[in-house]
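Just below is one structure, and these are the notes that go with it.
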2 protein chains.
Amino acid sequence: MRSYGQYCSVAKALDVIGARWNLLIVRELVLRGPLRYTDLMAGLPGIATNLLSERLHDLEQAGVVTREAAPPPIATTVFDLTERGRQLDQIVRALGEWGVPLMVEPARDDEFRSDWLSFPVSLFFTREAPAGPPVAIELRTGDHPMTIETADGAVRTRSGAADEPDLVLTGDPQPILGLLSGYLEPAEARDRGVQVEGDLDILDRLRPQAAVTAR
Amino acid sequence: MRSYGQYCSVAKALDVIGARWNLLIVRELVLRGPLRYTDLMAGLPGIATNLLSERLHDLEQAGVVTREAAPPPIATTVFDLTERGRQLDQIVRALGEWGVPLMVEPARDDEFRSDWLSFPVSLFFTREAPAGPPVAIELRTGDHPMTIETADGAVRTRSGAADEPDLVLTGDPQPILGLLSGYLEPAEARDRGVQVEGDLDILDRLRPQAAVTAR
DNA sequence: CGGCATCCTCTTTGATACTG
DNA sequence: CAGTATCAAAGAGGATGCCG
């Protein structure tokens with residue numbers, strides 16, 4: 001991408017990570033950790049293979065991404081963020097939070113990957129785990145299950161199923177997010193095809209006090 | 001710009017503000033407040049006039065920017081951020097902070113506007129004003145003077161000259177930033193053409209304790 | 001002068017095919 | 001698996017024209 005040619009730190013940052021796809025590549029590495037080329041392709045539906053290749057070289061050059069030939073038994077190239085790249089976490093996260101209101105509109109033909117749920121979920125729920133017994137919520141939507149759980153005093157989202165979920169939500173991502181955010185009533189979510197197994201009241205325990213009182 | 005077509009809040013955010021120039025338009029409005037078309041052109045060296053026009057319409061459509069026909073005596077259109085646009089402040093700021101290390105390399109042919117100093121300066125200095133007498137530092141570089149001062153218990157940067165500056169720095173932006181950050185010694189800054197009037201020790205008072213002890 | 005619209009050229013993107 | 005090669009279409013940049 002052509003430089004903005006401005007001696008401004010915002011413009012300089014955008015010179016490095018402002019080109020199309022760059023921040024989404026960073027998103028994948030932030031959410032999923034070190035990845036192979038094909039994993040990146042799978043997490044970035046819509047990108048052309050030549051562009052991913054070119055962008056990875058650019059980001060490597062800029063000191064944002066590392067490319068490492070993993071030893072056997074992996075025997076493939078693995079891409080990861082550098083320390084400097086990891087500092088982009090806050091920018092991707094801020095974008096993810098700003099974009100949450102844009103998820104209310106139905107998805108239509110949008111592609112979806114389960115890992116992308118992390119940003120909205122972290123916005124809806126408290127950072128710190130509430131007092132009381134631990135919580136585990138399993139979301140069955142997208143390409144693989146995701147679990148929201150309390151651990152070490154924090155609320156975290158991770159890939160994979162829960163061992164003993166208190167609540168399992170199955171369906172399309174949009175109504176599930178509506179339910180998690182409190183934007184949709186349980187009855188509406190069910191109308192939109194969400195299957196609920198377990199205790200929905202548990203969601204209130206994870207929400208910031210302000211949101212709870214607002215209901 | 002073509003949509004990423006991903007049901008992800010980061011991708012949705014980038015669908016709205018990811019196109020080239022968009023975040024720099026927001027930067028101008030964040031830093032300088034409501035602006036006329038020509039003010040925006042002046043603050044965005046390198047943008048083509050058709051692109052600025054197009055982007056302003058896009059951002060207006062997206063609910064990020066408002067366009068208001070100001071009443072006489074201004075008698076012109078004034079562009080400003082909506083509430084939603086103002087929330088982009090944190091993203092622009094995060095980008096500005098991430099980009100500061102990229103300002104170390106000399107600017108060469110880069111364009112420069114004084115207002116852009118705000119982001120680096122806010123990173124170098126404490127947010128809260130230190131105990132003791134108030135501080136005012138005037139920076140004479142770029143198209144107009146800027147003042148860093150303590151007011152209401154905070155350290156702020158604003159456009160314009162200081163009434164009774166404790167320190168005045170005149171010269172190119174790069175060595176001035178080096179001096180403010182502590183990256184350049186005063187002697188080096190002088191070698192690079194910075195003229196110093198007043199008390200340089202005042203900078204230490206504004207820096208986070210960690211940085212002070214590190215020297 | 002402020003706020004564009006048009007025209008033209010050049011670069012970047014996206015889709016697809018192909019390769020070590 | 002991890003790319004490179006090719007090519008049509010879209011977008012960016014620059015110059016200039018228009019209109020209140």
Side-chain angles (χ1 to χ4, degrees), chain A residues 1-6 11 14-25 28-29 32 34-62 65-80 109-111, chain B residues 1-6 11 14-25 28-29 32 34-62 65-80 109-111:
Chain A
M1 195 185 63
R2 156 183 313 213
S3 165
Y4 284 107
Q6 300 183 354
L14 291 173
D15 280 348
V16 173
I17 42 106
R20 193 167 165 79
W21 293 108
N22 271 352
L23 278 170
L24 295 189
I25 292 172
E28 288 302 304
L29 294 170
R32 303 167 66 200
L35 293 174
R36 294 170 301 172
Y37 189 89
T38 19
D39 300 328
L40 282 165
M41 281 297 284
L44 294 164
I47 199 173
T49 174
N50 56 347
L51 270 195
L52 177 56
S53 170
E54 189 182 318
R55 288 294 131 87
L56 284 172
H57 280 109
D58 293 349
L59 291 172
E60 196 187 352
Q61 193 70 26
V65 159
T66 56
R67 169 196 310 260
E68 274 184 69
I74 305 181
T76 182
T77 318
V78 169
F79 298 91
D80 197 4
D109 299 335
D110 283 355
E111 294 274 353
Chain B
M1 195 186 63
R2 152 180 317 212
S3 165
Y4 284 107
Q6 300 184 354
L14 291 173
D15 280 349
V16 173
I17 43 107
R20 192 168 166 79
W21 293 108
N22 272 352
L23 278 170
L24 295 188
I25 293 172
E28 288 301 304
L29 294 170
R32 302 167 64 200
L35 293 173
R36 294 170 300 173
Y37 189 88
T38 19
D39 300 328
L40 282 166
M41 281 297 283
L44 294 164
I47 199 173
T49 174
N50 56 349
L51 268 195
L52 177 56
S53 170
E54 189 182 318
R55 290 294 131 88
L56 284 171
H57 280 110
D58 292 349
L59 291 172
E60 195 187 353
Q61 193 70 24
V65 158
T66 57
R67 168 194 313 258
E68 274 185 68
I74 305 181
T76 182
T77 319
V78 170
F79 298 90
D80 197 4
D109 298 336
D110 284 356
E111 294 274 352

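In what follows, chains are A, B, ... by sequence order, proteins preceding strands, each numbered from 1.
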Review point. Is there side-chain contact between B:Leu24 and A:Gln6, with at least one heavy-atom pair below 4.5 Å?
Key: yes
Review point. What heavy-atom pair brings A:Leu14 and A:Met1 nearest, and what distance separates the two atoms?
Key: O-CE, 3.2 Å
Check your understanding: So, A:Ser3 and A:Asp15: side-chain donor and acceptor under 3.5 Å apart, yes or no?
Key -> yes
Point to revise | With B:Tyr4 via ring pair (Phe, Tyr, Trp, His ring centres under 6.0 Å) - residues at least two apart | key: A:Trp21
Check your understanding: Hey, what bend do you get for the helix from C:dC1-D:dG20 to C:dG20-D:dC1 if you fit axes on five pairs at each end, rounded to 10°?
Key -> 30°
Check your understanding: B:Leu40 versus B:Leu56: any side-chain heavy-atom pair under 4.5 Å?
Key -> yes
I'd like a list of close polar pairs between nucleotides 11-13 of chain C and the protein, N/O only, cut-off under 3.5 Å.
from, atom 1, to, atom 2, distance (Å)
C:dT13, OP1, A:Arg55, NH2, 3.3
C:dT13, OP2, A:Arg55, NH2, 2.5

Check your understanding: Which of the following nucleotides, C:dC4, C:dG3, C:dG14, is nearest to the side chain of A:Ala48?
Key -> C:dG14
Check your understanding: Are any of B:Thr77's side-chain N or O atoms less than 4.0 Å away from OP1 or OP2 of C:dG3?
Key -> yes
Exercise for review: Using side-chain contact (heavy atoms from CB on, under 4.5 Å) as the criterion, list what pairs up with A:Ala62, not counting sequence neighbours.
Suggested key: A:Val16, A:Val64
**Study point:** Within residues 44-56 of chain B or reaching into it, pairs that qualify as salt bridge (charged side-chain N to carboxylate O under 4.0 Å, His left out) - sequence neighbours excluded
**Key:** B:Arg55-B:Asp58
Check your understanding: Tell me, which of residues 36-47 of chain A have any heavy atom that sits under 4.0 Å from an atom in DNA chain D?
Key -> A:Arg36, A:Tyr37, A:Thr38
Practice item. Grab the CD-C1' distance between A:Gln6 and D:dG13 for me, whole Å please. Key: 15 Å
Practice item. Provide the full list of salt bridge (charged side-chain N to carboxylate O under 4.0 Å, His left out) pairs with a residue in residues 44-53 of chain B, sequence neighbours left out, each pair given once. Key: none
Practice item. Nearest whole angstrom, please: distance from the C1' of D:dG3 to the CG of A:Leu56. Key: 10 Å
Point to revise | Counterpart residues, salt bridge (charged side-chain N to carboxylate O under 4.0 Å, His left out), relative to B:Glu68 (two or more places apart) | key: none
Point to revise | Contacts of B:Arg2 that satisfy salt bridge (charged side-chain N to carboxylate O under 4.0 Å, His left out) - sequence neighbours left out | key: none
Review point. Would a 4.5 Å heavy-atom cut-off, applied to side chains only, mark B:Arg67 and B:His57 as touching?
Key: yes
Point to revise | Partner residues of B:Glu111 under the side-chain contact (heavy atoms from CB on, under 4.5 Å) criterion, sequence neighbours left out | key: B:Pro45, B:Arg113
Please list, for nucleotides 17-20 of chain D, all pairs of protein and nucleotide N/O atoms separated by less than 3.5 Å.
none

Review point. Rounded to the Å, how far apart are A:Leu52 CG and C:dA15 P?
Key: 14 Å
Point to revise | Pairwise side-chain hydrogen bond (donor to acceptor under 3.5 Å, both in side chains) hits with a residue in residues 41-53 of chain B, at least two apart | key: B:Tyr37-B:Thr49
